[in-house]
Amino acid sequence: MNSKLKDDMTDRLFEAILKLENIEECYAFFEDICTINEIKSLAQRLEVAKMLEEKRTYTEIQQITGASTATISRVNRCLSYGSDGYKLILERVKK
């Protein structure tokens, strides 16, 4: 567990997210709590992770997602050395 991230407020945020029941509720909550650019950035990172797992090239990922090479590299680092959060969710959404 990342001690820099974990605190009571963050626990409450994640508990709130876990209470969302469908896509419509997710849109409503995230539109209120995040900017459009923040939501788009999160979506882009998840797509980059998916494409990296599919062994797509940085150039291909950049062309399709519009992500910078710095973003692609950061996501790749998380896939290799992170907390396995991307791997967990990518495996679950495949099913």
Side-chain angles (χ1 to χ4, degrees):
M1 183 72 51
N2 185 341
S3 60
K4 292 179 188 174
L5 177 63
K6 184 159 179 43
D7 62 26
D8 289 344
M9 283 193 304
T10 307
D11 282 354
R12 283 191 291 280
L13 170 65
F14 291 155
E15 287 167 4
I17 291 168
L18 289 171
K19 301 285 185 195
L20 298 169
E21 294 181 5
N22 54 48
I23 291 242
E24 291 78 21
E25 288 184 4
C26 287
Y27 271 100
F29 178 69
F30 281 94
E31 281 183 42
D32 283 350
I33 201 165
C34 296
T35 66
I36 291 171
N37 285 339
E38 288 168 335
I39 297 167
K40 295 290 187 182
S41 290
L42 293 170
Q44 182 187 63
R45 288 179 195 158
L46 185 58
E47 189 65 19
V48 166
K50 177 180 167 284
M51 294 177 79
L52 285 166
E53 287 285 291
E54 294 169 351
K55 306 295 186 213
R56 308 285 276 274
T57 66
Y58 274 38
T59 303
E60 202 175 3
I61 295 168
Q62 194 173 23
Q63 289 172 344
I64 293 169
T65 66
S68 68
T69 54
T71 296
I72 298 167
S73 182
R74 181 182 185 286
V75 171
N76 195 35
R77 213 170 23 256
C78 289
L79 284 169
S80 298
Y81 308 109
S83 303
D84 290 335
Y86 279 123
K87 289 177 183 177
L88 173 75
I89 203 65
L90 289 171
E91 193 57 40
R92 287 188 183 169
V93 296
K94 272 186 202 175
K95 296 176 182 180

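Side chains included, hydrogens not; waters and symmetry mates left out as well; all remaining heavy atoms used.
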Query raised in the report: Does atom CD1 of I23 have more than 12 heavy-atom neighbours from other groups under 6.0 Å away?
Result: no

**Report entry** Crowding at CG, L88 (>12 non-hydrogen neighbours, <6.0 Å)
**Finding:** yes

Could you tell me the separation between the [atom1] atom of [X] and the [atom2] atom of [Y], rounded to the nearest 0.5 Å?
X	Y	atom1	atom2	value
I72	Y58	CD1	OH	7.0 Å
S68	I61	OG	CD1	11.5 Å
R45	T65	CZ	OG1	12.0 Å

Requested in this report: Return the set of residues passing salt bridge (charged side-chain N to carboxylate O under 4.0 Å, His left out) with E60 (not counting sequence neighbours), or none when no residue passes.
Outcome: R56

Requested in this report: Apply salt bridge (charged side-chain N to carboxylate O under 4.0 Å, His left out) to K94 and list each qualifying residue two or more places apart in sequence or on a separate chain.
Outcome: E91

Just so I know, are the side chains of [X] and [Y] near enough to count as touching, which here means a heavy-atom distance under 4.5 Å?
X	Y	answer
L20	F30	yes
Y86	E53	no
M51	V48	no
R12	D8	yes

Query - Shortest non-hydrogen contact between Q44 and T71, atoms and distance - result: OE1-CG2, 4.3 Å

Query raised in the report: What closest approach, in Å, do I39 and C34 show between heavy atoms, and which atom pair accounts for it?
Result: CG1-CB, 3.6 Å

Do [X] and [Y] sit in the same hydrophobic cluster, where Ile, Leu, Val, Met, Phe, Trp and Tyr count as joined when their side-chain heavy atoms come under 4.5 Å apart?
X	Y	answer
Y27	L42	no
I17	L46	no
V93	L52	yes

Query raised in the report: Just checking, is any N or O donor in the side chain of D7 or T10 under 3.5 Å from an acceptor N or O on the other one?
Result: yes

Query raised in the report: Charged N to carboxylate O below 4.0 Å: is that the case for E54 and K50?
Result: yes

Query raised in the report: Do the side chain of K87 and the main chain of L79 share a donor and acceptor less than 3.5 angstrom apart?
Result: yes

Query raised in the report: Are the side chain of S80 and the backbone of N76 linked by a donor-acceptor contact shorter than 3.5 Å?
Result: yes

Query raised in the report: Which is it for I33 and L13 under the side chain to side chain contact (heavy atoms under 4.5 Å, CB included) test, yes or no, and what are the steps along the way?
Result: CA-CA 10 Å; I33 201 165; L13 170 65; 3.7 Å; yes

